[in-house]
Amino acid sequence: MAKRLFDIVASGFGLLCLSPVFIIVAIWIIIDSSGPVFYRQTRVGRFGRNFRIFKFRSMRVGSDKGILLTVGGHDPRITRSGAFVRKFKIDELPQLINVFVGDMSFVGPRPEVPYYVEMYTEEQKGVLSVRPGITDLASIKYRDENEILGRVADPEAYYVSTLMPDKLNINLEYVKKHSFIGDIKIIFMTIFEIFS
């Protein structure tokens with residue numbers, strides 16, 4: 001209950017305070033490339049329910065029709081504005097909307113697309129017992145995930161065989177031990193990682 005109350009109050013306050021940033025980024029995206037300001041993608045949420053995540057669009061329209069992973073810092077699908085908002089995680093800010101309406105929480109396992117969730121084992125599906133989050137310990141550990149995938153011969157295979165299972169293990173531990181104080185700590189760890 002305390003966690004959900006915190007999510008509502010903090011996300012509402014964040015949306016209000018960050019509205020000037022939203023406007024500036026939205027204008028830049030519109031000027032930089034054709035297409036919508038927001039990118040909406042289906043993700044799997046709590047109890048396996050699908051929802052549409054909000055992100056600032058950082059790639060050219062139609063880029064998600066091929067590979068689902070972003071590979072390396074020079075992915076040609078990424079726009080100029082997209083490279084900047086991705087670097088500083090600004091593209092994730094619109095997910096405050098998802099937090100406010102209850103699809104997500106500030107802290108929790110990052111929501112995956114249905115394609116990858118279908119590969120989960122029964123044990124791994126345990127991560128779906130809590131609301132997905134904007135950040136988690138796995139996101140902090142793999143902050144440079146795009147660069148890691150850009151260095152391997154087969155990014156898709158490496159993600160499925162190595163990165164995804166490790167992230168799920170980290171998140172399963174979170175599900176077992178999570179607490180409100182622990183979530184606050186993860187939020188500050190995330191802020192430190194972004195600005196360090």
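Predicted, not measured: the structure shown is a model, and the values here were computed from it. FYI, the numbering just counts along the sequence from 1.
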| request: Output, in order, the C-alpha distance, side-chain angles, deciding distance and verdict of side chain to side chain contact (heavy atoms under 4.5 Å, CB included) for Gln124 and Val117. | output: CA-CA 9 Å; Gln124 290 170 337; Val117 174; over 6 Å; no

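- With respect to the salt-bridge test (charged N to carboxylate O, under 4.0 angstrom), the residues Arg151 and Glu147 do not qualify.
- Not one N or O on the side chain of Arg46 forms a donor-acceptor pair closer than 3.5 Å with the backbone of Gly102.
- If you take CZ on Phe56 and CD1 on Ile90, they are separated by 8.5 Å, rounding to the nearest 0.5 Å.
- If you check the side chains of Ser58 and Arg77, you find no donor sitting under 3.5 Å from an acceptor.
- The cluster map of Ile, Leu, Val, Met, Phe, Trp and Tyr, joined by side-chain heavy atoms under 4.5 Å apart, puts Ile23 and Ile30 in different clusters.
- In this structure, the side chains of Lys55 and Gln95 come closer than 4.5 Å at one or more pairs of heavy atoms.
- Asp91 and Tyr39 form no side-chain donor-acceptor contact under 3.5 Å, judged by distance and modelled atom types alone.
- Aromatic ring centroids of Phe192 and Phe188 lie 6.0 Å or more apart.
- Linking Ile, Leu, Val, Met, Phe, Trp and Tyr whenever their side-chain heavy atoms come within less than 4.5 Å puts Phe106 and Ile194 in one cluster.
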| message | Between Val44 and Leu128, does the side chain to side chain contact (heavy atoms under 4.5 Å, CB included) criterion hold? Intermediate values first, please. | response | CA-CA 8 Å; Val44 181; Leu128 302 177; 4.0 Å; yes

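- Between Met104 and Ile53 the shortest side-chain heavy-atom distance falls below 4.5 Å.
- Listed by chain and number, the residues in a ring pair (Phe, Tyr, Trp, His ring centres under 6.0 Å) with Phe180 are Phe6 (sequence neighbours excluded).
- Applying the side chain to side chain contact (heavy atoms under 4.5 Å, CB included) criterion to Ser105, with sequence neighbours excluded, gives Lys3, Asp7, Arg131.
- At a cut-off of 3.5 Å, with distance as the only test, no side-chain donor of Asn169 or Tyr174 sits close to an acceptor on the other residue.
- Met119 meets the side chain to side chain contact (heavy atoms under 4.5 Å, CB included) test with Tyr115, Tyr116, Val160, Met164; sequence neighbours excluded.
- Residues Leu15 and Phe22 are in side-chain contact: their nearest non-hydrogen atoms beyond the backbone lie under 4.5 Å apart.
- Applying the side chain to side chain contact (heavy atoms under 4.5 Å, CB included) criterion to Ala138, with sequence neighbours excluded, gives Asp136, Lys167, Ile170, Asn171.
- Sorted by first and then second residue, the salt bridge (Lys or Arg N to Asp or Glu O under 4.0 Å) pairs involving residues 10-35 (not counting sequence neighbours) are Asp32-Arg80.
- Hydrophobic clustering (ILVMFWY, side-chain heavy atoms < 4.5 Å, transitive): Leu16 and Leu5 are in distinct clusters.
- Glu193 meets the salt bridge (charged side-chain N to carboxylate O under 4.0 Å, His left out) test with no other residue; sequence neighbours excluded.
- Under the 30°/60° scheme for interplanar angles, the aromatic rings of Phe54 and Phe38 are found to stand perpendicular.
- Glu123 places a side-chain heavy atom less than 4.5 Å from the side chain of Leu172.
- In terms of heavy atoms, Ser34 sits closest to Val61 at O-CG2, 3.5 Å.
- Looking at Asn98, its side chain never comes within 3.5 Å of a backbone N or O of Gly133 through a donor-acceptor pair.
- Between Asn50 and Pro114 there is a side-chain heavy-atom pair separated by less than 4.5 Å.
- Scanning all heavy atoms of the two residues, the minimum distance from Leu163 to Ile148 falls at CD1-CG2, 4.5 Å.
- Arg86 is listed as a side-chain neighbour of Asn146, based on a closest heavy-atom distance under 4.5 Å.
- From Ser161, atom OG reaches atom CD of Glu156 across 10.0 Å, with rounding to the nearest 0.5 Å.
- Partners of Phe13 by ring pair (Phe, Tyr, Trp, His ring centres under 6.0 Å), not counting sequence neighbours: none found.
- Looking at Leu96 and Ile134, their side chains come closer than 4.5 Å, going by heavy atoms from C-beta outward.
- Considering all non-hydrogen atoms of both residues, Ile29 and Pro36 come closest at CG2-O, 4.1 Å.
- A chain of hydrophobic side-chain contacts below 4.5 Å, direct or via other Ile, Leu, Val, Met, Phe, Trp or Tyr residues, connects Ile191 to Val107.
- Remark: Ser19 engages no residue in a side chain to side chain contact (heavy atoms under 4.5 Å, CB included) (not counting sequence neighbours).
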| request: Kindly indicate, with the supporting measurements, whether the criterion side chain to side chain contact (heavy atoms under 4.5 Å, CB included) is fulfilled by Val127 and Tyr120. | output: CA-CA 10 Å; Val127 300; Tyr120 289 5; 3.9 Å; yes

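- With rounding to the nearest 0.5 Å, the separation of CD in Glu145 from CG in Leu149 is 5.0 Å.
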| task | List the steps, then state whether side chain to side chain contact (heavy atoms under 4.5 Å, CB included) holds for Arg57 with Val37. | result | CA-CA 6 Å; Arg57 182 175 58 82; Val37 169; over 6 Å; no

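- Cluster annotation: Ile27 is not connected to Phe84 through the hydrophobic network of ILVMFWY side chains, with a link wherever side-chain heavy atoms come within less than 4.5 Å.
- Within the structure, salt bridge (Lys or Arg N to Asp or Glu O under 4.0 Å) contacts touching residues 96-119 (residues at least two apart or in different chains) are Glu92-Arg110.
- To the nearest 0.5 Å, atoms CD1 (Ile187) and OG1 (Thr135) are separated by 8.5 Å.
- Taking CG of Leu18 as the reference point, atom OG of Ser11 lies at 11.0 Å (rounded to 0.5 Å).
- Not counting sequence neighbours, Phe51 has no partner by the ring pair (Phe, Tyr, Trp, His ring centres under 6.0 Å) test.
- For the atom pair CE (Met189) and CD1 (Ile140), the distance works out to 4.0 Å, reported to the nearest 0.5 Å.
- Residues passing the salt bridge (charged side-chain N to carboxylate O under 4.0 Å, His left out) test with Lys185, sequence neighbours excluded: none.
- No donor-acceptor distance shorter than 3.5 angstrom exists from the side chain of Thr162 to the backbone of Tyr159, with no hydrogens or angles considered.
- For Phe100, the ring pair (Phe, Tyr, Trp, His ring centres under 6.0 Å) criterion is met by no residue, not counting sequence neighbours.
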